[in-house]
Student: 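Would you mind keeping the following structure in view while I ask a few things?
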Protein chains: 2
Amino acid sequence: MSRAVQHPKKRGKLLGIHAVAAKARVSIATVSRTINRVPTVNPQMAKRVWAAIDELGYVPNIQARALGSGRSGVLGLVISEITNPFFPELIQGFEDVALASGYEILVSSTNYDPKRMELCIRRMLERKVEGVAVMTFGIEQPLVEELAERDVPLVFVDAGPQRPGISLIKVNYHHGVRQGVQHLAALGHRRIGFISGPMHLHSARSRAEAFSLSLAECGIKPRAKWMLEGDHTMEGGIRAMEQILDSADRPTAVMCSNDMTALGVLHKAYRVGLRVPDDLSVVGFDDIHMAEVMIPPLTSIRMSRLDLAQAAITALRAHVEGTGPQREYQVDTHLVVRESTGYPPGAMTDLVKNGKAEPARRR
Amino acid sequence: MSRAVQHPKKRGKLLGIHAVAAKARVSIATVSRTINRVPTVNPQMAKRVWAAIDELGYVPNIQARALGSGRSGVLGLVISEITNPFFPELIQGFEDVALASGYEILVSSTNYDPKRMELCIRRMLERKVEGVAVMTFGIEQPLVEELAERDVPLVFVDAGPQRPGISLIKVNYHHGVRQGVQHLAALGHRRIGFISGPMHLHSARSRAEAFSLSLAECGIKPRAKWMLEGDHTMEGGIRAMEQILDSADRPTAVMCSNDMTALGVLHKAYRVGLRVPDDLSVVGFDDIHMAEVMIPPLTSIRMSRLDLAQAAITALRAHVEGTGPQREYQVDTHLVVRESTGYPPGAMTDLVKNGKAEPARRR
DNA sequence: GGGACCTAAGAAAACGCTTTCTGGTCCGCT
DNA sequence: AGCGGACCAGAAAGCGTTTTCTTAGGTCCC
């Protein structure tokens with residue numbers, strides 16, 4: 001008797017690519033080639049194959065594909081915490097541009113927890129991602145080590161080790177922060193506070209430094225007691241604001257290292273009956289979507305999520321696909337003026353009061 | 001000469017599980033068994049294997065695992081849009097409980113876009129997820145069809161087809177909404193508006209119905225002109241609020257189908273100088289984390305993300321692991337009173353004014 | 001002492017693809 | 001006519017695991 005075809009089946013029915021091959025009366029190799037658009041397949045056959053695929057509702061098993069080809073087609077994205085609205089917006093951008101580049105993404109958040117970070121790394125390794133963007137705005141040392149050691153292309157924002165295979169995205173915090181300080185100074189503020197992020201984060205330090213520098217540029221002497229450390233959460237903003245309120249001579253304006261912190265400040269100000277911007281001006285950082293609809297709408301320093309995503313993926317692709325030797329990418333920031341900033345209290349001379357630049361006020 | 005061992009190598013070095021096997025002087029089968037904690041392996045050998053794994057920093061290739069075992073260990077989560085803060089909170093919960101159950105998750109958002117929905121489905125299918133939770137709060141018909149057809153266990157919230165393999169999570173909107181309406185009524189409101197979600201969403205309709213019903217329970221006649229359709233975004237909330245403002249006799253309180261809508265209302269109210277809650281009371285739905293820090297802090301109807309996640313995963317596991325025949329799960333909602341609700345304007349009789357229940361006010 | 005029966009580890013066959021290798025057909029050229 | 005390439009479809013060898021099948025080595029008990 002003739003040797004039966006030795007193919008995987010289930011209840012007599014062929015499975016997966018084999019079923020397609022059988023229906024289109026071609027070999028599985030041809031099916032594979034058709035799907036992957038290898039140009040050498042006979043258009044005639046290709047048509048048959050596509051028809052069969054359609055008819056059977058065939059969806060290739062991506063794991064098998066990855067295994068066979070040695071390419072996972074996945075880029076990793078490591079973020080701090082998904083519940084901070086900045087990150088979902090970043091994820092959205094990242095996904096969009098990854099998709100456009102033919103990649104899928106795998107996002108994992110550290111939640112600032114070493115245990116969770118381990119998990120992030122493991123996930124990336126297990127899934128054989130082709131590169132990972134670390135957008136936690138801090139160098140997570142173990143992350144770097146484990147991944148870099150295994151030659152996974154990496155991209156950091158702000159700071160990271162100088163190794164081959166690792167790219168950097170430099171965010172120009174200074175530009176936006178300077179605009180913010182100048183804006184405040186122009187309104188007449190001289191007593192300006194700053195609530196930073198957790199100081200172990202590189203980005204938080206960078207922002208704080210940009211602030212001090214900008215202050216100096218405007219000829220304002222920085223006061224250490226007005227430099228508070230927050231933690232990039234609303235609660236941190238509230239706590240920092242409490243400290244500010246406790247002090248005898250308060251600043252007339254405060255800048256925050258991110259918008260969540262600013263929301264906390266806004267909230268606390270509301271709680272104690274301080275009007276923003278009449279009694280206190282506040283400016284945020286990131287310009288999350290929600291900033292626009294805050295009460296009052298938040299003046300903030302915008303850092304484009306899309307630019308960030310674009311830069312990250314460009315960097316990763318450069319490594320993966322061996323194009324371009326570029327190592328550093330730039331992302332800019334700029335001020336968006338809304339209504340949480342105004343003249344400092346007591347500055348309402350007639351001269352100024354009738355000025356054209358007065359921001360809209362409640363009622 | 002002796003037949004050389006025919007194993008995959010790269011530059012002479014063994015790869016993956018083979019390297020471990022070689023170093024521990026066992027077969028790859030034993031390594032696999034050790035990793036999977038099959039009880040029959042000699043503890044002695046197991047120790048050698050673990051040592052080798054450690055020394056080599058071996059991380060199993062999860063795709064190969066999935067292929068070999070036929071189990072992906074992944075649960076899908078389909079959401080509407082990641083930039084609505086409700087969803088990140090849900091994702092967080094989902095991930096936590098999935099992890100605890102030994103699953104990974106794959107989240108994908110539809111963005112209300114049919115094209116994107118296609119993509120969601122495809123992703124789930126390609127990745128061979130073992131089940132998917134559709135948390136879009138609407139029945140996405142094509143989703144159901146494609147996935148159900150292929151016997152992927154599904155769980156919907158609120159509504160979904162009654163098929164084997166499909167579970168439902170019933171959210172008791174009425175409980176929370178009734179509390180909300182009663183709260184408003186107790187404060188003296190009789191003119192209460194409602195801004196729904198997009199009416200093609202089942203959940204949006206359910207919430208609207210719960211509202212009408214609750215109104216009736218309180219002996220208040222619903223007015224069609226105060227039933228507005230929003231779209232679960234801040235912008236939708238703003239637009240709906242504009243309609244309310246345009247009308248001659250306005251409601252003194254409005255309930256919203258979600259918190260984002262409520263934020264829009266708050267914003268618009270602020271814009272036109274309406275004080276909340278003095279001039280208008282507003283209550284949200286979902287009770288996102290941010291509601292607590294809104295200005296004023298938002299009275300909202302809480303729907304626990306964790307409960308939702310728990311129910312979804314329990315349902316999925318029941319199908320995957322063949323445990324329990326349960327088909328329906330319950331999740332409750334309840335009112336959280338904060339400061340966006342107060343007496344209706346003009347209700348400030350002395351009697352009431354000195355009442356104990358008056359919520360905190362600004363200043 | 002020797003079969004029956006376990007036990008546990010190794011060999012080998014999947015898993016569902018991709019990709020290299022092979023070989024047949026057809027063409028053009030001398 | 002005969003030969004060398006192109007060209008393209010199919011056969012088969014991976015990819016890195018899991019899992020089934022096999023077999024070597026013990027035990028036990030008569």
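The figures here come from the full heavy-atom set of this structure, side chains too, leaving out hydrogens, waters and symmetry mates. Residue numbering restarts at 1 for every chain, and letters A, B, ... go by the order of the sequence lines.
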Student: Atom CG of Asn42(B) to atom P of dT7(C): distance rounded to whole Å?
Tutor: 15 Å
Student: I want to verify a distance call: between dA8(C), dA11(D), dG10(C), whose nearest atom is closest to the Thr40(B) side chain?
Tutor: dA8(C)
Student: State whether Ser27(A) places a side-chain N or O below 4.0 Å from either non-bridging phosphate oxygen (OP1 or OP2) of dG10(D).
Tutor: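 Result: yes.
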Student: Out of dT18(C), dG10(D), dC15(C), which has the shortest distance to the side chain of Leu67(B)?
Tutor: dC15(C)
Student: Let me know the distance between CE of Met45(A) and P of dT25(C), rounded to the nearest Å.
Tutor: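 In whole Å, dT25(C) P lies 14 Å from Met45(A) CE.
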Student: Between atom CD1 in Ile28(B) and atom P in dA11(C), what is the gap in whole Å?
Tutor: 9 Å
Student: Where do Leu75(A) and Glu104(A) land on the side chain to side chain contact (heavy atoms under 4.5 Å, CB included) test, with the steps shown first?
Tutor: CA-CA 6 Å; Leu75(A) 295 179; Glu104(A) 296 274 322; over 6 Å; no
Student: Just the rounded figure in Å: distance from P of dG16(D) to CG of Leu125(A).
Tutor: 15 Å
Student: Starting at atom CD1 of Ile35(B), determine the distance to atom P of dT17(D), rounded to an integer number of angstrom.
Tutor: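 Checked: the CD1 to P distance equals 7 Å.
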Student: Nearest to the side chain of Thr30(A), heavy atoms from C-beta on, is which of dG10(C), dC17(C), dG10(D)?
Tutor: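 Selected nucleotide (nearest to the side chain): dG10(D).
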Student: Flag the pair Arg122(A) and Glu118(A) as a salt bridge only when some basic side-chain nitrogen lies within less than 4.0 angstrom of an acidic carboxylate oxygen.
Tutor: no
Student: Can you tell me which nucleotide in dT18(D), dT18(C), dC17(C) comes closest to the side chain of Ser32(B)?
Tutor: dT18(D)
Student: Between C1' on dT20(C) and CZ on Arg33(A), what's the gap in Å once rounded to a whole number?
Tutor: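 Checked: the CZ to C1' distance equals 10 Å.
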Student: Would you check if there is a donor-acceptor pair between the side chains of Arg123(B) and Ser108(B) at a distance under 3.5 Å?
Tutor: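 Looking only at side-chain atoms, Arg123(B) and Ser108(B) do form a donor-acceptor pair, the distance falling under 3.5 Å.
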Student: Hey, is the side chain of Asn36(A) poking within less than 4.0 Å of OP1 or OP2 on dT18(C), counting only N and O atoms?
Tutor: yes
Student: Separation of Glu126(A) atom CD from dC15(D) atom P, in whole Å?
Tutor: 21 Å
Student: May I ask you to say whether Glu95(A) pairs ionically with Arg116(B), meaning some side-chain N is under 4.0 Å from a carboxylate O?
Tutor: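 Yes, this pair counts.
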Student: For Arg65(A) and dT19(C), what is the distance between atoms CZ and P respectively, to the nearest whole Å?
Tutor: 10 Å
Student: Is there a donor-acceptor contact under 3.5 Å linking the side chains of Ser101(B) and Arg317(B)?
Tutor: yes
Student: Which is more 5' along DNA chain C, the nucleotide nearest Lys128(B) or the one nearest Pro43(B)? Just name the residue.
Tutor: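 Its nearest nucleotide lies further toward 5', so the answer is Pro43(B).
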Student: Can you tell which of dT17(D), dT18(C), dT18(D) lies closest to the side chain of Ser69(B)?
Tutor: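 Among the listed nucleotides, the one closest to the side chain of Ser69(B) is dT18(D).
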